[in-house]
Number of protein chains: 4
Amino acid sequence: MEQVQEQGASQGRSPGRGRGRPRNAEADLAILDATRDLLVADGYDALTMQAIADRAGVARQTVYRRWPSKSRLVADMMLSGNLAVGFEAPTDVAGTDPAIDAVRAWLHAAARQVTDASQVAVIRALASVAAENDDDGRLYATFTAPARAHLLALLRAGVEQGGIRRGADLDAAADAMIGAVLFTALTRTPSRPGSLDALADVLVEGLAAR
Amino acid sequence: MEQVQEQGASQGRSPGRGRGRPRNAEADLAILDATRDLLVADGYDALTMQAIADRAGVARQTVYRRWPSKSRLVADMMLSGNLAVGFEAPTDVAGTDPAIDAVRAWLHAAARQVTDASQVAVIRALASVAAENDDDGRLYATFTAPARAHLLALLRAGVEQGGIRRGADLDAAADAMIGAVLFTALTRTPSRPGSLDALADVLVEGLAAR
Amino acid sequence: MEQVQEQGASQGRSPGRGRGRPRNAEADLAILDATRDLLVADGYDALTMQAIADRAGVARQTVYRRWPSKSRLVADMMLSGNLAVGFEAPTDVAGTDPAIDAVRAWLHAAARQVTDASQVAVIRALASVAAENDDDGRLYATFTAPARAHLLALLRAGVEQGGIRRGADLDAAADAMIGAVLFTALTRTPSRPGSLDALADVLVEGLAAR
Amino acid sequence: MEQVQEQGASQGRSPGRGRGRPRNAEADLAILDATRDLLVADGYDALTMQAIADRAGVARQTVYRRWPSKSRLVADMMLSGNLAVGFEAPTDVAGTDPAIDAVRAWLHAAARQVTDASQVAVIRALASVAAENDDDGRLYATFTAPARAHLLALLRAGVEQGGIRRGADLDAAADAMIGAVLFTALTRTPSRPGSLDALADVLVEGLAAR
DNA sequence: TTTTAAGCGAGACGGTACGTCGTGTCTTGTT
DNA sequence: AACAAGACACGACGTACCGTCTCGCTTAAAA
């Protein structure tokens, strides 16, 4: 639904239909998988193109044929959906009533998952990659798009049910929640488990219908 | 509570008596200035110890004598006050009444300042540096300490004045605002400047006394 | 005695009947021409199979279908007669009398032609290719065969005419002349053009009947 | 006496006296030694900068700090005297009488030594390196300078003793001998042991006083 | 005619060396 | 001691070339 533009790995490929040997389609996935696994295991800085290629069972040049640099590869991996970022769809809250509780549940789940070491590695890599890829935040925006969409759906449901006042800026609230969660992961703020609950309370209160 | 020990540049050096040649005190500032300038201009990953030393008019080893690594240097630069982070002291709102408007004003000011390209570069660097430094959030805490202190003062004043309901988690609100502001700097394409204003409204509403 | 089997481009192919599409006969020549041109222009190490194929208007694989490697291709090019090595047939001295003057003329002509930059490039390539090809001198032997044959004919005529003493090792003299000429191409700075003339005098003197 | 210009490894070093940490003087020799050893053992194409650095107990970058490329390193090694090329000073013929026999002896010795596998590797590398270093044959000239000097000394002695006629071009004769010997090595002409003897005879005869 | 074997252009692939760059440490001579 | 200068070990980067392989298409002889 978000319809993230799927740039995929095929940039730099001539548009003329398949002349020459076609690229090994499995390699794309193998490389992205290897990138994810190694990133999660070792972090962004310890990531090596050679290690990625080795784990993908592919020559190093095959990686470079598809992606022009490490940061672009990692960026693409993050946008490919190959990486299941925890807070994207943490809980099935479809039937929750009132919907406002679903928002609270989402924040709880996100806070829990974002503490996980592998998620921390991914989010920190996001920061490094975005810094290298000077794309004006599109990477962050795209990366968090599923989470934002999920949250907005919850909030809109709240508006329908009357728990959230019509006219409140739902985007702003969603950004605040995502930002707070991500920055917690980025900076490894001492966990303080009640903090996000309190945030949820404040935001929910601010959105609540009188 | 903030109380992060100010490590400064003099680690590993008995501060009092010196046997040999004393360190060039100006070098510390020159290095921090050079680090800031280059970071703002080129971003964290394009930053080079050699370039910093050159711009500071100093040998590379002179930098390493004071800071053990690039990320620690940048971290220190951020904490040194050398870098004027926009939202640290945005507006003098001491006498504002009601205090709740001061919060709104702070968020507005922060939103405006955080749009600046050099601030974005610094905040992105903060994320990268925090990722490398494994200091359990102390960098983030110290970096945002002035802003947090300022905000908490405003919020407490609001509680006193009755505009903010007693019992609201002020720390959570402050963290949410700071996190959202910083994250917005990372993620926001320049096309949506009104976003933080909307966040301010939601949060202020959530904190407001009934 | 020379009798090096002319391998040509058609190795690994039953020559008579062909079931599938026949090879493009022009491609052989185009490839050899391209190889010569690029070799002369850029030298052996700057030579690239891709560049050869491009210049020949042919796919890279088409080159590899005919020659198994770069050095074998270059070797074959040298033996194909496609390349006009200067000293192969320098002067028509059939009727010269005494024949000893013909030898002198040959050396003079070779000395002159071998100074040409493109000849130098080829002769250097010969050395490089021979180094890679481990063919026990067959390349050298075939490459120089025309020159050797020509020289030996001259020398034998000299013996018949009495100008050259019976019993002199004509093969040795021919090899010495060819080796010296080739080596001069490799080593001689352009500043000493009279050197080979002097060699001619010495050799001719050494071969002369008392 | 030859006074080959010692370009050595120190090109690209600032002329201002030793500022900064001086280069490890032993490394130069270790690198040249390693280059020689590996070249002799494996040949020029199998030579690797990494292998050289490893064998020299040095980082790869340390090699590149001194020499800009593999071919320049090998060229320098060949000119450094580090490499004892067999035919440079094959036999002590100081007291031989007549001196003309010394020339014959030199050729015999050179022919024998040039057959040695390690010498062949070196001379073939010479061809490759000279081809890459497009220096108009200076490398060949310098490389063979000791041999040429040695031969010329022998020939001049022959002139003094009267065995060689005054006025013969000794340089030409020396070049012919060196050229023939080197080309034998380069092209691995089937050894034919009598060939060089015959060459010696022809040349000596050509040089001999009547 | 239909098969079928091969040639051909295009380009991906595994492998390997290249030369560059940055980090953090070490070693000179000078202040 | 600090300092400027710069060498050093280490290791990743991105590029280039080699020789092999696989596509889809074309070409001619064989069935």
Side-chain angles (χ1 to χ4, degrees), chain A residues 13-14 16-25 27 45-51 53 57-71, chain B residues 13-14 17-24 27 45-51 53 57-71, chain C residues 13-14 17-24 27 45-51 53-54 57-71, chain D residues 13-14 16-24 27 45-51 53 57-71:
Chain A
R13 193 70 160 72
S14 58
R17 219 234 308 85
R19 286 236 280 187
R21 176 175 174 176
R23 288 192 181 166
N24 181 353
D45 288 314
L47 201 60
T48 290
M49 292 301 253
Q50 184 64 68
V58 135
R60 202 154 57 93
Q61 183 60 35
T62 297
V63 182
Y64 279 109
R65 196 173 295 116
R66 290 163 159 82
W67 290 275
S69 69
K70 190 175 85 166
S71 69
Chain B
R13 184 72 153 69
S14 17
R17 56 171 192 51
R19 264 269 274 186
R21 173 174 171 175
R23 285 193 183 165
N24 181 354
D45 286 302
L47 202 60
T48 288
M49 291 303 254
Q50 185 63 66
V58 134
R60 205 153 56 94
Q61 181 60 29
T62 298
V63 182
Y64 277 108
R65 198 172 292 117
R66 290 162 161 82
W67 289 276
S69 72
K70 189 174 90 163
S71 68
Chain C
R13 185 72 154 69
S14 18
R17 54 164 194 61
R19 259 272 272 190
R21 174 174 172 175
R23 286 193 184 165
N24 180 353
D45 288 301
L47 202 60
T48 289
M49 291 302 255
Q50 184 64 65
D54 287 350
V58 135
R60 206 153 54 93
Q61 182 60 29
T62 299
V63 182
Y64 278 108
R65 196 172 293 116
R66 289 161 162 83
W67 289 276
S69 70
K70 189 175 87 162
S71 67
Chain D
R13 193 68 158 74
S14 58
R17 215 224 321 81
R19 286 235 281 187
R21 174 174 175 175
R23 288 190 181 167
N24 182 353
D45 288 314
L47 201 59
T48 289
M49 292 301 254
Q50 184 64 67
V58 134
R60 202 156 56 96
Q61 182 61 34
T62 297
V63 182
Y64 279 109
R65 196 173 294 116
R66 290 163 160 82
W67 289 277
S69 69
K70 189 174 87 164
S71 70

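Each chain gets a letter, A, B and so on, in the order the sequences are listed, and its residues count up from 1. Since the structure is predicted, the reported quantities are computational estimates derived from the model, not experimental observations.
Whole-Å rounding puts the D/R66 CZ to F/dA7 P distance at 9 Å.
To the nearest 0.5 Å, atoms CZ (D/R60) and OG1 (D/T48) are separated by 10.0 Å.
Between the side chain of D/K70 and the backbone N or O of D/L47, at least one donor-acceptor pair lies under 3.5 Å.
When all heavy atoms of C/N24 and C/R66 are compared, the closest pair comes out as O-NH2, 2.8 Å.
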**Asked** How would nucleotides 9-14 of chain F be written as a contact map, 5' to 3', with B for base contact, S for sugar-phosphate-only contact and - for no contact, using protein heavy atoms under 4.0 Å?
**Response** BB-BSB
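The side chain of C/R23 contributes an N or O atom lying less than 4.0 Å from OP1 or OP2 of E/dG7.
With DNA chain E read from its 5' end, the first of the two nearest nucleotides for A/A25 and D/A46 is the one closest to A/A25.
For a distance-only test at 3.5 Å, the side chain of D/R21 qualifies as a donor-acceptor partner of the base of E/dC26.
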